[in-house]
**Q** 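First the structure, which I've put down as structure tokens, then a few questions once you've had a look.
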Amino acid sequence: MALTGAGISAESGLATFRDAQTGLWSKFRPEELATAEAFQRNPTLVSDWYAWRREQALKAQPNPGHLALAEMERRVSEFLLVTQNVDGLHERAGTKQMVELHGNIHRFRCFENDCSSENFDLDKGRCRSCGGHLRPAVVWFGEMLPVDALESAIKGSEECDVFFSIGTSSVVYPAADLWRRAKNNGAIVVEINKDSTTLTALADYSFRGKAGQILPQLVRQVWIPESAGGL
Ligand code: APR
């Protein structure tokens, strides 16, 4: 099982959240942009911000880190990727077995009534069923995670033999608790992060460096020794 965070998309040019100066939360106030209250107060401000992030994500390309995880999935009998990222880059990299724990920025929901019809007028940003506002289908602060996604992530972490924690600061729960479930069930915990985190001292292995450089090497060395040339 691999849990990924914003760090794996950093080499695709997408800002992380908490990296000093460059992180989104160093420039923008999450309580003004990533809560239901913020959307209620100013739906245009929030929608514009997500439109800007959506554009960034569409312009970005999956990097060697995303591609290496897609390759890992092809090389092992059972694999699950759980991502906190809403950018859709893992899917574009070819990963199939995936859980988007915090939703997906390219999808929408009806804010007022969560109309299941999904009969949406994206241009007007309105739900055709009830006339309500459209919001991005992502998990905002203070909101519950999608039940199915969380259950799949917990099940995966409790059944895996190897748990990778990649490009995440391990501070946002419940995602930040998955490694502990894996460890408690006997899994080997491997962290990949350019900086040390709260998990570093607790992981069995912690590789310091960029995911887009370490993951291809790891996949090559473990699964494709004969192709030392390249992944
Ligand atoms: N390779 C590996 N790790 C990296 C790289 C890289 N190229 N670049 C940055 N990192 C690491 C940083 O050191 C940091 O530990 O990625 C981590 C990114 O952490 P955050 O910005 O906190 O992002 P994340 O852990 O995904 O945040 C969790 O918080 O804001 C909410 O919903 C949002 O899903 C997000 C959640």
Side-chain angles (χ1 to χ4, degrees), residues 2-36 38-39 46 49-50 53-54 56-57 60-69 72 81-90 93 98-107 109 135-146 149-150 153 163-180 189-203 205-219:
L3 172 72
T4 64
I8 197 163
S9 294
E11 292 153 84
S12 297
L14 297 182
T16 65
F17 292 94
R18 291 174 189 82
D19 277 316
Q21 281 94 43
T22 58
L24 289 171
W25 299 147
S26 70
K27 295 194 183 102
F28 306 100
R29 295 157 52 85
E31 59 278 12
E32 277 174 18
L33 292 162
T35 65
F39 187 85
V46 174
W49 189 64
Y50 277 93
R53 287 183 58 199
R54 197 172 295 120
Q56 306 283 315
Q61 294 301 323
N63 65 57
H66 297 106
L67 298 170
L69 286 173
M72 194 188 284
L81 188 137
V82 173
T83 188
Q84 299 168 85
N85 301 345
V86 296
D87 56 34
L89 289 177
H90 282 299
M98 186 173 63
V99 171
E100 293 176 312
L101 215 46
H102 296 165
N104 184 305
I105 203 169
H106 305 293
R107 288 201 285 273
R109 283 173 52 196
R135 56 161 288 176
V138 300
V139 178
W140 281 330
F141 289 102
E143 292 188 324
M144 301 294 288
L145 273 61
L150 184 54
F163 180 97
F164 288 99
S165 178
I166 304 164
T168 180
S169 54
S170 298
V171 296
V172 174
Y173 287 77
D177 191 51
L178 293 171
W179 74 268
R180 193 184 301 281
V189 173
V190 183
E191 180 184 49
I192 298 174
N193 196 303
K194 76 173 178 50
D195 298 327
S196 59
T197 72
T198 51
L199 175 56
T200 303
L202 304 160
Y205 300 91
S206 186
F207 296 99
R208 196 68 49 256
K210 295 186 171 179
Q213 290 163 7
I214 293 175
L215 280 168
Q217 286 176 42
L218 188 143
V219 169

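When a ligand or atom number is given, it counts from 1 through the structure's own listing order. These values consider heavy atoms only, across backbone and side chains, with no hydrogens, waters or symmetry-generated copies.
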**Q** Considering both backbone and side-chain atoms of Val139, is one of its nitrogen or oxygen atoms within less than 3.5 Å of a nitrogen or oxygen in ligand 1?
**A** no
**Q** Tell me which part of Thr168 gets within contact of ligand 1: side chain, backbone, both or neither, using heavy atoms under 4.0 Å.
**A** both
**Q** Enumerate the atoms of ligand 1 whose separation from the nearest heavy atom of Gly209 is less than 4.0 angstrom.
**A** 1 (N), 2 (C)
**Q** Which residue supplies the protein heavy atom nearest to atom 36 (C) of ligand 1, what is that atom called, and how far is it?
**A** Val172 CG2, 3.8 Å
**Q** Suppose we measure from atom 3 (N) of ligand 1 to each protein heavy atom; which comes out shortest, and what is that distance?
**A** Lys194 N, 3.3 Å
**Q** Among protein heavy atoms, which lies nearest atom 12 (C) of ligand 1, and at what distance?
**A**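 That would be Asn193 OD1, 3.5 Å.
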**Q** Show the atoms of ligand 1 that are less than 4.0 angstrom away from any heavy atom in Gly167.
**A**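 So the answer, numbered in order with elements, is 3 (N), 16 (O), 17 (C), 18 (C).
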**Q** Using a 4.0 Å cutoff against the non-hydrogen atoms of Asp195, which atoms of ligand 1 qualify?
**A**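 Atoms satisfying the 4.0 Å criterion: 13 (O).
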**Q** Considering heavy atoms of the protein only, find what lies nearest to atom 1 (N) of ligand 1 and give residue, atom and distance to 0.1 Å.
**A**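 Answer, as residue, atom name and distance: Ala211 N, 2.9 Å.
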**Q** Has ligand 1 got any nitrogen or oxygen that is less than 3.5 angstrom from a nitrogen or oxygen of Ser169?
**A** yes
**Q** To the nearest 0.1 Å, how far is atom 32 (O) of ligand 1 from its closest protein heavy atom, and which atom is that?
**A**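 Protein heavy atom with the smallest distance to atom 32 (O) of ligand 1: His102 ND1, 3.5 Å.
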**Q** Would you check if the side chain of Asn193 reaches a backbone N or O of Thr168 as a donor-acceptor pair within less than 3.5 Å?
**A**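 Yes; at least one donor-acceptor contact below 3.5 Å.
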**Q** Can you tell me the protein heavy atom closest to atom 23 (O) of ligand 1 and the distance?
**A**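 I find the closest protein heavy atom is Ala6 CB, 3.6 Å.
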**Q** Could you tell me, atom by atom, which parts of ligand 1 come under 4.0 Å of a heavy atom of Gly5?
**A** 26 (O)
**Q** Counting non-hydrogen protein atoms only, what is the nearest one to atom 27 (O) of ligand 1? Give residue, atom name and distance.
**A**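 So the nearest neighbour among protein heavy atoms is Arg18 NH1, 3.0 Å.
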**Q** Under 4.0 Å from a heavy atom of Gln84: give me the atoms of ligand 1 that qualify, with their elements.
**A**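 What qualifies from ligand 1 is 28 (C), 34 (O).
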**Q** Of the choices Gly7, Ser170, Ser12, which has the non-hydrogen atom that lies closest to atom 6 (C) of ligand 1?
**A**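 Among Gly7, Ser170, Ser12, the closest heavy atom to atom 6 (C) of ligand 1 comes from Gly7.
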**Q** Which one holds for Glu11 and ligand 1: side chain close, backbone close, both close, or neither close, with close meaning a heavy atom under 4.0 Å?
**A** side chain
**Q** Tell me the contacting part of Phe141 for ligand 1: side chain, backbone, both, or neither, using a 4.0 Å heavy-atom threshold, strictly below.
**A**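 The answer is the side chain.
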**Q** How far is atom 35 (C) of ligand 1 from its nearest protein heavy atom, and which residue and atom is that?
**A** Phe17 CE1, 3.6 Å
**Q** Any idea which atoms of ligand 1 are less than 4.0 Å away from a heavy-atom of Ala10?
**A**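 Once the distances to Ala10 are compared, the set is 8 (N).
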